[in-house]
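Notes to accompany the following structure.
Counting begins at 1 with the first residue of the sequence.
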Amino acid sequence: MDIKTIHTHIDNKWIKIIGISEDIKKGLFDFEGDNLIGYVYIDHTAGVTLDIFKLFDIVNEEIKFRESPIDKNLRVISRLNGIVKSKEIHLLSKEAILEYDLKVPEYIVKYERPNLKDFRLNEKFHKYRAEGFPDDVQILLLPSNSLNPELIWGRVENFENNTLEFQLLNQPHQSFGVQMNDMLKASIQNFGEEEYIVCEVDVKTDSKIPEQTKKAWWKFW
C-alpha cells in the first residue's frame with residue numbers, strides 16, 4: 001500500500017492488527033499480546049496516529065483479550081511507521097465494533113479537521129505529501145524576480161476552491177521576503193513540463209542568489 005495514500009483507507013477507522021510491529025511493542029512496555037484493536041486518525045501536526053484500545057492473542061482460533069493500557073487508564077499511541085511495519089492490518093466491521101463495544105473518545109474527536117477532509121482525499125495532491133503526514137506537502141515557491149524557484153514544505157490549514165492556505169514549515173534558502181511559519185496560498189499549476197503545487201511570491205527587492213542555490217531547487221529528488 002502506498003505510504004502517501006494509506007491515510008485514505010484507515011483514517012477515522014477502527015482497525016485490527018495481527019502481528020504488531022517491534023515499534024509498537026516497545027511503546028507497550030510490559031503489556032502482553034501480539035495483536036491489537038485500535039483507532040486511526042490524523043493528528044494535524046504529528047501525522048497518522050493509532051490509539052491502542054485492546055490487546056489480544058489468538059488461541060485455538062479464538063481471540064483471548066489481554067490487559068490493555070486503557071484498563072489502567074493509560075494511553076499508548078503509535079505513528080504510521082509502527083502501523084505499516086506490522087504484519088496484517090484489517091478494518092473492523094460494523095458488527096465487530098458493536099460486539100467489542102468500541103466508542104471513539106472525545107479526546108480523539110478534537111483532532112477532526114472537517115475543512116481538510118476533501119484535501120486529504122484529493123488524489124491530485126497525493127504525490128506531494130510527506131509520508132505519514134497527509135497535511136504536509138511540498139510546494140514550489142515561484143518568485144516574481146530573478147531568484148530561482150525553490151521547493152519548500154508547507155502544512156495545509158485550509159482548502160477551498162482548489163486553493164491551499166498553508167503554513168511555511170521551513171525557511172527558504174533564498175530571500176523571498178517570506179519567513180518560516182508565514183501563512184501563504186498555493187494551487188496546482190503547470191511549471192515547465194511538470195505539475196507542482198505553486199505559491200507565487202511577489203518579491204519586493206532583488207536578492208543575490210547564494211552559491212548553494214544555483215542547483216535546480218524545483219526538482220524532486
Side-chain angles (χ1 to χ4, degrees), residues 1-29 31 33-56 65-66 68-138 153-160 164-167 169:
M1 189 176 292
D2 186 351
I3 300 300
K4 292 187 178 184
T5 63
I6 191 173
H7 68 279
T8 64
H9 302 283
I10 62 176
D11 179 32
N12 292 327
K13 298 285 195 308
W14 288 99
I15 65 169
K16 176 172 65 177
I17 292 181
I18 304 298
I20 61 178
S21 66
E22 288 301 317
D23 286 12
I24 293 179
K25 286 183 178 180
K26 288 177 183 177
L28 288 168
F29 300 104
F31 289 98
D34 291 328
N35 318 288
L36 66 79
I37 290 173
Y39 189 81
V40 180
Y41 59 95
I42 296 173
D43 181 317
H44 183 54
T45 57
V48 176
T49 303
L50 166 70
D51 251 73
I52 298 169
F53 284 83
K54 293 181 180 291
L55 296 171
F56 65 93
F65 285 107
R66 302 288 191 179
S68 300
I70 199 169
D71 298 325
K72 292 190 171 184
N73 293 317
L74 298 174
R75 184 184 179 195
V76 176
I77 64 173
S78 172
R79 305 302 183 189
L80 183 60
N81 198 48
I83 300 172
V84 298
K85 286 184 177 179
S86 298
K87 290 183 180 179
E88 298 178 23
I89 304 170
H90 304 275
L91 296 179
L92 277 188
S93 66
K94 291 181 179 179
E95 292 76 17
I97 293 171
L98 289 172
E99 179 184 350
Y100 302 138
D101 193 27
L102 299 172
K103 295 180 177 62
V104 181
E106 281 297 319
Y107 66 79
I108 290 181
V109 174
K110 72 178 183 180
Y111 288 99
E112 293 181 359
R113 294 290 299 264
N115 63 320
L116 296 181
K117 182 178 179 180
D118 290 343
F119 163 72
R120 289 170 175 174
L121 296 175
N122 195 312
E123 296 180 0
K124 291 182 178 180
F125 294 101
H126 288 341
K127 69 178 181 179
Y128 308 107
R129 301 184 197 277
E131 293 185 355
F133 298 81
D135 297 338
D136 296 354
V137 292
Q138 201 162 42
W153 287 98
R155 178 165 294 141
V156 177
E157 299 292 342
N158 194 40
F159 178 58
E160 189 174 359
L164 306 176
E165 293 182 38
F166 70 94
Q167 179 187 23
L169 293 182

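- Proximity of Ile6 to Ile10: side-chain heavy atoms (C-beta onward) are separated by under 4.5 Å at one or more points.
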### Message
Could you walk me through whether Leu50 and Ile77 satisfy the side-chain contact (heavy atoms from CB on, under 4.5 Å) test, starting with their C-alpha distance in whole Å, then the side-chain angles of each, then the deciding distance to 0.1 Å, before giving a yes or no?
### Response
CA-CA 5 Å; Leu50 166 70; Ile77 64 173; over 6 Å; no

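- Annotation: the span from Lys26 atom NZ to Ser78 atom OG amounts to 12.0 Å, rounded to 0.5 Å.
- Checking side-chain atoms of Asp71 against main-chain N and O of Ser68 turns up a donor-acceptor pair under 3.5 Å.
- For Glu123, the CD atom is loosely surrounded, since the number of other residues' heavy atoms within 6.0 Å does not exceed 12.
- Rounding to the nearest 0.5 angstrom, the gap separating the CD1 atom in Ile70 from the NZ atom in Lys54 is 7.5 Å.
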### Query
For Asn122 and Phe159, what are the C-alpha separation, side-chain angles and deciding distance, and is it a side-chain contact (heavy atoms from CB on, under 4.5 Å)?
CA-CA 10 Å; Asn122 195 312; Phe159 178 58; 3.9 Å; yes

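- At least one donor-acceptor pair closer than 3.5 Å links the side chain of Thr49 to the backbone N or O of Gly47.
- Shortest non-hydrogen contact noted between Gln167 and Glu157 is OE1-OE2, 3.9 Å.
- The distance from atom CD1 of Ile3 to atom CZ of Arg129, rounded to the nearest 0.5 Å, is 14.0 Å.
- Residues Asp135 and Arg113 are not paired through a salt bridge, judged by the lack of any N-O separation under 4.0 Å between the basic side chain and the carboxylate.
- To the nearest 0.5 angstrom, Arg120 atom CZ is 12.5 Å from His126 atom NE2.
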Let me check something: any side-chain donor-acceptor pairs from residues 96-111 under 3.5 Å, sequence neighbours excluded? List them with distances.
unit_1: Asp101; atom_1: OD1; unit_2: Lys103; atom_2: NZ; d: 2.5
unit_1: Tyr107; atom_1: OH; unit_2: Asp51; atom_2: OD2; d: 3.2

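- Considering only heavy atoms from C-beta on, Phe31 comes within 4.5 Å of Lys72 through its side chain.
- Taking CG of Asp34 as the start and CZ of Arg66 as the end, the distance is 8.5 Å to the nearest 0.5 Å.
- Closest approach of Pro69 and Leu28 over heavy atoms only: CG-CD2, 3.9 Å.
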All N/O donor-acceptor pairs, side-chain side in residues 11-21, below 3.5 Å, sequence neighbours left out:
unit_1: Asp11; atom_1: OD1; unit_2: Ile42; atom_2: N; d: 3.4
unit_1: Ser21; atom_1: OG; unit_2: Ile24; atom_2: N; d: 3.3
unit_1: Ser21; atom_1: OG; unit_2: Gly82; atom_2: O; d: 2.7

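- Each of Asn35, Ile37, Leu55 was scored for a side-chain contact (heavy atoms from CB on, under 4.5 Å) with Phe65, with one residue passing: Ile37.
- Within the 6.0 Å centre-distance limit, the rings of Phe125 and Phe119 are counted as a close aromatic pair.
- Between Glu22 and Lys85, the closest side-chain pair of non-hydrogen atoms is not below 4.5 Å.
- Applying the ring pair (Phe, Tyr, Trp, His ring centres under 6.0 Å) test to every pair with at least one member in residues 69-90, sequence neighbours left out, gives no pairs at all.
- The minimum heavy-atom distance linking Val156 with His44 is given by the pair O-CE1, 2.9 Å.
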### Task
Would you check, one step at a time, whether the test side-chain contact (heavy atoms from CB on, under 4.5 Å) holds for Glu131 with Leu80?
CA-CA 9 Å; Glu131 293 185 355; Leu80 183 60; 5.7 Å; no

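- The structure places CG of Leu36 at 11.0 Å from CZ of Phe53, a figure rounded to the nearest 0.5 Å.
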